[in-house]
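Please read these numbers as outputs of a predicted model, since none were measured by experiment. Read the numbers this way: they start at 1 and go in the same order the structure lists the ligands and their atoms.
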Amino acid sequence: MNVLCVAGARPNFVKIAPIVHALARREVTTTLVHTGQHYDQAMSQVFFDELGLRAPDHFLGAGSGTQAEQTSAVMTAFEAVVGEVEPDAVVVVGDVNSTVAAAMVAAKAGALVVHVEAGLRSRDWAMPEEINRVVTDRLSDLLLAPSADAVNNLAAEGYRTDQIHLVGNVMIDTLVANLESARSRRVASRLELADRYGVVTLHRPSNVDHPETLAGIVTALATISNDLPLVFPAHPRTVPLLDGLKEQCDPGQLRVIEPLGYLDFLGLVDGSTLVLTDSGGVQEETTVVGVPCLTLRESTERPITVTQGTNQVVGTDPEHIVEAATRALAIDHRPCQPDGWDGAAAARSVEVILAALSEPDRPRPTDLVPDFHATEDNRTSTPDLEADLHR
Ligand code: UDP
């Protein structure tokens, strides 16, 4: 049996690591494929080093590009690997272009397709990740959901109950395994930060690719930083877009730095007073460590971080952001642990995958819609269809 695991971008490495480790503990042969969507030291290699992830068996070198360029580059290169490896199952995680590209190739190759972090929905069709989530789920045999809201979304979309499994949050497995070591690195003192400080991350196209939106966010950050020094480990795609905006801010109060490795970033967030972000994963991590999080977007695909955790979706209007920051700083926040965010989600995921692989005749994703060729009834069109035709 061979289970092929795919990862391509920063958040993927954090999610695939516990799955690869859990498969190894069950002595399952794995093939690890790195698509190369993120490829440099700060966005890729540091995660392999810090999370004990072995070197990938295949590196696809997809690189950056437009949505279609990146997706198609992964598909072309991944098809050759799948042809060579002939995996029994392909595990994809999250919502990046590599996720949907690999799922498409794997489904057509006949492998059991497993989506880890299935069912999250922002309901914002302008978000490329939302399209990736919906399409990946439709291509997948197994939908491993991180939270009850994700299960409800999948059920509402008509997926079979035998496909949907509430396994919990694999990203939090990585957090639980690394929090002590992250704390011991004392990143805040290495960065010479005061006792109270805030952390910023921004990389969603809806924020950083719209100059007016980004300028408004920076105005809000400049105001907040008068009271609370902010540190901003900037995503490579965000750095050039900040040029010309940084003058509004006192550089001692809003510090833009290189992206951090996983352990330093987790330590930084854990010791912070407030986080302002448009990241998906960071909304979850702040909930677990009990730091207030302001999500600078109009929606979230992770509503449980709002209903149970420390997150508030505040949009991008500068006044709203500043008001929300003032309110959040006045409240005492506690760490929160939604169901299944307990460090054992990957182990549960692997049990579901192994059970499915031991059942060769299990239904496939195509069995989601009623069988249309077998029965006498299906040979006649349905009354509803006819009503539409004759309207
Ligand atoms: N992260 C990191 N260094 C940073 C910023 C983020 O290690 O400088 C980690 C963060 O802890 C989380 C993951 O990267 O585990 C989130 O990735 P990102 O925000 O790029 O993607 P998203 O979650 O929005 O898909």
- [ ] For ligand 1, list the protein residues that place a heavy atom within a distance below 4.0 Å of one of its atoms, sorted by chain and number.
- [x] Arg10, Pro11, Val14, Phe47, Met171, His203, Arg204, Pro233, Pro259, Leu260, Gly261, Tyr262, Phe265, Ser279, Gly280, Gly281, Glu285
Task: Electrostatic pair Arg237-Asp209, nearest N-O below 4.0 angstrom - done: yes
TODO: Taking the six-membered ring for Trp and the single ring otherwise, decide whether the centroids of His34 and Phe13 are under 6.0 Å apart.
DONE: yes
Task: Residues Glu129, Arg204: salt bridge by 4.0 Å N-O rule - done: yes
Task: For Pro292, side-chain contact (heavy atoms from CB on, under 4.5 Å) partners two or more places apart - done: Leu274, Ala328, His333
Open item on the list: Taking atom CE as the centre, does Met127 end up with more than 12 heavy-atom neighbours from other residues, nucleotides or ligands that are less than 6.0 angstrom away?
Closed with: yes
TODO: May I ask you to say whether Asp270 pairs ionically with Arg185, meaning some side-chain N is under 4.0 Å from a carboxylate O?
DONE: no
